[in-house]
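In what follows, chains carry the letters A, B, and so on, assigned in the order in which the sequence lines appear, proteins first and then strands, with residues in each chain numbered from 1. Everything numeric in this text was worked out from a predicted model, so none of it was measured. Just so it is clear, the values below take in all heavy atoms, side chains as well, and ignore hydrogens, waters and symmetry mates.
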Amino acid sequence: MSTDHVLPVRPDYNADPTPDPVVVARVKALESLLLEKGVLASETVDRVADLYEKEVGPRNGARAVARAWTDPDFKQRLLADPVAACAELGIGGMQGEDMVVVENTDEVHNVIVCTLCSCYPWPVLGLPPNWYKYPAYRSRIVKDPRALLRGEFELDVPDEKTIKVWDSSAEVRYWVLPQQPPGTEGLSEEELVELITRDSMIGTGLPRTPDSPAGAR
Amino acid sequence: MSTDHVLPVRPDYNADPTPDPVVVARVKALESLLLEKGVLASETVDRVADLYEKEVGPRNGARAVARAWTDPDFKQRLLADPVAACAELGIGGMQGEDMVVVENTDEVHNVIVCTLCSCYPWPVLGLPPNWYKYPAYRSRIVKDPRALLRGEFELDVPDEKTIKVWDSSAEVRYWVLPQQPPGTEGLSEEELVELITRDSMIGTGLPRTPDSPAGAR
Amino acid sequence: MDGVHDIGGTDGLGPVGYRPEEPLFDNPWERTVFAMSFPAMASGLNLDAFRHGIEKMHPVDYLSSPYYEHWLFTMEKGLVETGLLTEEELRARTQQFLDDPSAPLPQRSDPAAAEAIVGFLRSGAPARREIDAKPAFAPGDRVLVRNLHPKGHTRLAGYLRGKRGVIDAVHGAFVFPDTHAHGLGEQPQHVYTVRFDSVEVWGPGADPRTVNHFDMWESYLVALDGDTDDRAALDR
Amino acid sequence: MDGVHDIGGTDGLGPVGYRPEEPLFDNPWERTVFAMSFPAMASGLNLDAFRHGIEKMHPVDYLSSPYYEHWLFTMEKGLVETGLLTEEELRARTQQFLDDPSAPLPQRSDPAAAEAIVGFLRSGAPARREIDAKPAFAPGDRVLVRNLHPKGHTRLAGYLRGKRGVIDAVHGAFVFPDTHAHGLGEQPQHVYTVRFDSVEVWGPGADPRTVNHFDMWESYLVALDGDTDDRAALDR
């Protein structure tokens, strides 16, 4: 009723990203001043960005989920103390100092958000995607998650199923332990890792099945 | 604490108003289609705009206030039934079909706003000024009117005085009967009209005194 | 809808931008938009639908565009919805005036029609209606504002939902915007001015000598009987 | 502050804009801003002040600018406030790079410093603190969220103020952002996950099979004893 005309995506990060020259100059100004004042080293930008571009990403979370699917004891530890359980796999760090893993079941679907900013469990999921950080998702997922998941994420959570929304407002970081897809019981941990998508650990998607197209969410 | 850097005025209608060519073209497109479809007559824009540019404005409200200051019976009628009392002066019409006049006293200062859009008593005050219609005034006057009146309207309402904020959310239009400035008791109704500003009937100002500078609010 | 137009209490919007002297219209296009709105509404776009159309602007546009651009937006969308215009007509015609900004407007002289609009503005268009139902509340009654979040148009501001107030005045019945804006009829209801203690509305830090007043349709309110009151916990 | 960043429940923001594949950074400047933020914070700008700085953007900028421009904004303002930089330095240097976009950056090689930042990211920076006070609430306790509207930073979202919930989990004590963001100390408090019935939060039209969870510092909450409950009137 209130959205019967098409609103644009704002900010439109789908459009050809042509950097604003003023912003580029502001960044260089800040960078050069931080270098001069001894706060920043010339190597820092590449080293820090590399960490999240090459090492810390949703594959970490997928490894923990695959282990939980195949090792019931690990699953219990992951639900009881995710920080310690992840540490067993060498996973941890900034924005994952305190974590809670919420388990999807036949009765409950979980989904995470940060309405106030962009909190996200970096050590297990990497840095958040743009849509997670921008206002539209944050505004709607807490109010009518079922309609949003159906309308924009192609995820149909049946009306009978409870949706639990976890708004990360303090320093506890939530993420979702998805249900293992039926028919994958015989797969190895390594094969299962390939099925576990970032979105399935946010709660805006489900794990792939072995016959899903490769690009499936 | 939260505004320790200077924010711009948005929209910046103080800046040189250079019309957006797309907006100008959209207006002409709509105007030409309404003309072609028989909804609009070529004379309508000038006739309607003239009404508010030349005839209906805050002088109407000032006439009613000056009458109320000099005629106690009229004041009673104005407070009891503003629509009928204004009709005595030939004042009335669109956006003034139902009005309430709120009286300033030694104990109470009144101020009006429309937080949801831009409702305003047109027949007595004319069309609202830009600042009344834009978000900043609407957001702040309902929450901390004393600080806003002091900080941006140079109006000091003493801490002991109650401020009543009237948010015009339905079709009742509010406006303020200001207190007559001390020392103006001997002035004629016509002289008093000159002292009664638009802002004094919104509640963001007080009437002028005979020795105020001409441009006083 | 819970849009950014419902701006009462939002922080961070910067200075008010008071201008001691300003023209009634900063630009001729604003004058045209203002004046056109009355024949446009007379053609079948009611005031409540007109207001709701503005609420449907993207928040960035709502907060950054000149005021009369809001009116232009709602007329464009609303007159397409009423069927008077098509999007394609508007798009093509706008392009035409972009390509040739000095192209003349069609002429359609009708002084009597112009005069009729002025007469309409002079006489007004009351939203007051007579209804059989008696008002549910009287001055002095304590009320609680319902926590309503309709998807469509409403005149119930967010800053007052869930708050306790006192009936200050009873105004008679008026067209109900929440239905009227959506073609669901006038369904008039009694309207009340409700007054609210500033601390109830804005919490413990509020200026205690301010009072908020707001006009409420009857269905926005429920009675408080005064016996049970767990929200007193808020004041502790 | 009640800023537009507190966006939970706001309608009208348009589509989410899901992008199946996207790079971690759309532009090199975003990569730089992300990486610089850690040494910048280490220089004395704490995370809560960093977040509050973003909240002070004008709402139009907040809603329309690329995400990492928020981080750039808060670093510029915050590092001026901590005294590391001056506005004049930033302005002059920005102009220099606008005039000559290909001007080289100063070189300051320090691989150990870069490695130290990476080590810091790998180990984290816990906000958890040990305090003497026992938690005031236990799982299953009914609570009411206070109607607080602080002028400064807070992590108490508007959509939950004044709402009744149930303690879902007790997490231990954490640094209190409302003071820490303003240089008023860590003042750690117990943090709880509170769960809320969707109808309590969003009113009678809400999807009844959704549950909102939100982490609350203890001072955001008051106990509900269950005997007195005038807000039950809302449910009628």
task: Using the side-chain contact (heavy atoms from CB on, under 4.5 Å) rule, pick out the option among A:Leu40, A:Val48, A:Thr44 that qualifies with D:Met36.
output: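 Single side-chain contact (heavy atoms from CB on, under 4.5 Å) partner of D:Met36 among A:Leu40, A:Val48, A:Thr44: A:Leu40.
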
Side chain from CB out, backbone as N, CA, C, O: work out which of these in [X] comes under 4.5 Å of a heavy atom of chain A, or both, or neither.
X        : value
D:Asp100 : neither
D:Leu24  : side chain
D:Ser43  : side chain

Ion pair check, [X] and [Y], cut-off under 4.0 Å:
X        : Y        : result
D:Glu115 : A:Arg47  : yes
A:Lys143 : D:Asp11  : yes
D:Arg209 : A:Asp159 : no

- request: Classify the ring geometry between A:Trp166 and D:His213 as parallel (under 30°), tilted (30 to 60°) or perpendicular (over 60°).
  value: parallel

- request: Below 4.5 Å from any heavy atom of chain D, which atoms of A:Leu34 appear? Answer side chain, backbone, both or neither.
  value: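 Contact with chain D: side chain only.
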
task: Measure A:Glu97 against the heavy atoms of chain D and call it side chain, backbone, both or neither at under 4.5 Å.
output: side chain

message: At under 4.5 Å between heavy atoms, what parts of residues 77-87 of chain A are in contact with chain D? List them by residue number.
response: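 Interface residues of residues 77-87 of chain A: none, nothing closer than 4.5 Å to chain D.
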
message: Restricting to non-hydrogen atoms, name the atom on D:Arg108 and the atom on A:Leu35 that form the minimum distance, rounded to 0.1 Å.
response: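 Nearest pair, atom of D:Arg108 first, then A:Leu35: CD-O, 3.0 Å.
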
- prompt: Is the closest side-chain heavy-atom distance between A:Asp199 and D:Tyr18 below 4.5 Å?
  reply: yes

